[in-house]
Structures are given as structure tokens and as C-alpha cells.
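As C-alpha cells, the structure follows; a few thoughts come after it.
Residues take their numbers from the sequence shown, with the count starting at 1. As the structure is a computational prediction, the values presented were derived from the model and not from experiment.
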Amino acid sequence: MRALIASATLILLTLPALAHTPGEFGSLPVLLGNDNVRSTLAITKSQASSLDSIRKQYRSSARKIADAEVDSPASRAKAQKSLEALTSATNKQALAVLTPTQQKKLAKVEHKFLGATLLYSDSIQRRVGLSSEQSAQIATIRGEAEKAVAKTNRLFEEGEIGHHQRLVDLREDRINRGQEILSLLTPTQRDAFAQLGL
């Protein structure tokens, strides 16, 4: 269930000023806790304090969802929906802390961080003009990625790898999946995708 938290994918309401909506792929309070991200966005002390509070509450609530007993497909689906609702709400809180300029920069940070795995999103696929066959191929890649994330998280939780190795493994897998996805795109689609990061 903890792997569910790590790989939760969310679709939020579109913010028209942005090339894509920050927070489509997980918790913004967690991403905004990264020192490099805060430096890039020029987060103030007051904003940092608000974001820390939002992140703390998110982690506490997400842990409760993860610790709940999920012994059937129905209970797992319910937990997934609860986590998505929680993450959506906290992402909106986090975005409200940022200025419009910071929100635009955040979209670029996410684009750089997630790379072509942004194309897991149906809305991003539509903007890039993917075919149904391409979407199906990406769904397969995403399913394999989720299994890899779950395996890495399990190894970390069981103490077989450390925190640093976990991050390295997850990053390498994300990069490799992104390369797989990019290989499916036409030159026109690649250009369209690149424009989302501008």
C-alpha cells in the first residue's frame, strides 16, 4: 500500500495560465519540500513555513490511508481514491501558497524532473496528439514502471537498500521509462511535448 502513495497519479483542474497543471503526478507539498526546488522558485520563509505545515499534514493523513487494511480489490480501489482525493486537496493548498510566477516555474520544474513520464497523463497525451495505439503502449510502460517502483519501495522498507540507493534506482527507472516513451513519438509529437516545458 505504501507503494500506492509513491506512485499515485492525479489529474487536477486545469489552470489556464500553465502549460500543464503542477501536481498531476503526486504530492506537490513533498516536491516543494526539496531545497533545490525551493531555491529555483525563490520560496520565502513564510511560504516555506506554510508548505512545511501542509506537507506534514499530508504525510500524516497519507500514512493513515496506507496503514488501513486493504484485503480486497474493492478496498484497494477505495484506498486509491482516498489517496487521490487527499493529494488533490493538498496540491491545491500548496499551489495557493505560490505566486502565479512561481506556479509557472513549478510547471517547468516538473517537466524537467518527470521528463517523458508526464505522458502517463491522459490530458498531456491529448495535448501532444497521441494515437490510441501509442496510449496503449504507454499504459503498458506505466504498468511496468509501477511494479518497479513497488519493488524498489519494498526493498527500502525491508532494509535491503538505503534511502540514497532508493532515490537513485527510482530516478534511473524514470529516465529509462521516459526514453521508452520518447521512442514512441513522432518528431511532431516530440516538438509538441517539448513546448509544454516552456
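With sequence neighbours excluded, no residue forms a salt bridge (charged side-chain N to carboxylate O under 4.0 Å, His left out) with R154. The salt bridge (charged side-chain N to carboxylate O under 4.0 Å, His left out) check on R174 picks up nothing, with sequence neighbours excluded. Every residue two or more places apart in sequence or in another chain was checked for a side-chain hydrogen bond (donor to acceptor under 3.5 Å, both in side chains) with T40, and none qualifies. Under the side-chain hydrogen bond (donor to acceptor under 3.5 Å, both in side chains) criterion, T44 pairs with Q47, not counting sequence neighbours. Remark: E160 pairs with no residue by the salt bridge (charged side-chain N to carboxylate O under 4.0 Å, His left out) rule, at least two apart or across chains. Evaluation of the side-chain contact (heavy atoms from CB on, under 4.5 Å) rule for T90 yields P29, I54, Y58, L86, Q93 as partners, not counting sequence neighbours. Looking at residues two or more places apart in sequence or on another chain, you find no side-chain contact (heavy atoms from CB on, under 4.5 Å) involving D191. In terms of the salt bridge (charged side-chain N to carboxylate O under 4.0 Å, His left out) criterion, residue partners of D173 (sequence neighbours excluded) are, by chain and number, R177. With sequence neighbours excluded, the residues satisfying side-chain hydrogen bond (donor to acceptor under 3.5 Å, both in side chains) with Q57 are S61.
A distance-only check finds no donor-acceptor pair linking the side chain of Q125 to the backbone of S135 [under 3.5 Å]. Although no hydrogens or angles enter the test, the distance criterion places no donor-acceptor pair under 3.5 Å between the side chain of Q165 and the main chain of G162.
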| said: Let's go through L28 and L51 carefully: what are the C-alpha distance in whole Å and the side-chain angles of both, what is the deciding distance for side-chain contact (heavy atoms from CB on, under 4.5 Å) to 0.1 Å, and is it a yes or a no? | reply: CA-CA 9 Å; L28 288 182; L51 291 169; over 6 Å; no

| task | Give the C-alpha distance, both sets of side-chain angles, the deciding distance and a yes or no for side-chain contact (heavy atoms from CB on, under 4.5 Å) between V128 and R190. | result | CA-CA 8 Å; V128 174; R190 285 189 184 212; over 6 Å; no

| said: For K92 and S88: C-alpha separation, side-chain torsions, deciding distance, then whether side-chain contact (heavy atoms from CB on, under 4.5 Å) applies. | reply: CA-CA 6 Å; K92 288 175 184 176; S88 177; 3.8 Å; yes

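Under a 4.5 Å side-chain heavy-atom criterion applied to ILVMFWY residues, the cluster that includes I161 comprises L155, F156 as well. Side-chain heavy-atom separations under 4.5 angstrom define the hydrophobic clusters, and L167 shares its cluster with no other residue.
Legend: salt bridge (Lys or Arg N to Asp or Glu O under 4.0 Å) pairs involving residues 27-43, not counting sequence neighbours, sorted by first then second residue: R38-D52.
Using a 4.5 Å heavy-atom threshold, the side chains of L184 and L130 count as separate. For the pair R59 and V30, the minimum side-chain heavy-atom distance is below 4.5 Å.
Summarising the geometry of L31 relative to E110, their closest heavy-atom pair is CD2-CG, 3.8 Å, with the distance given to 0.1 Å.
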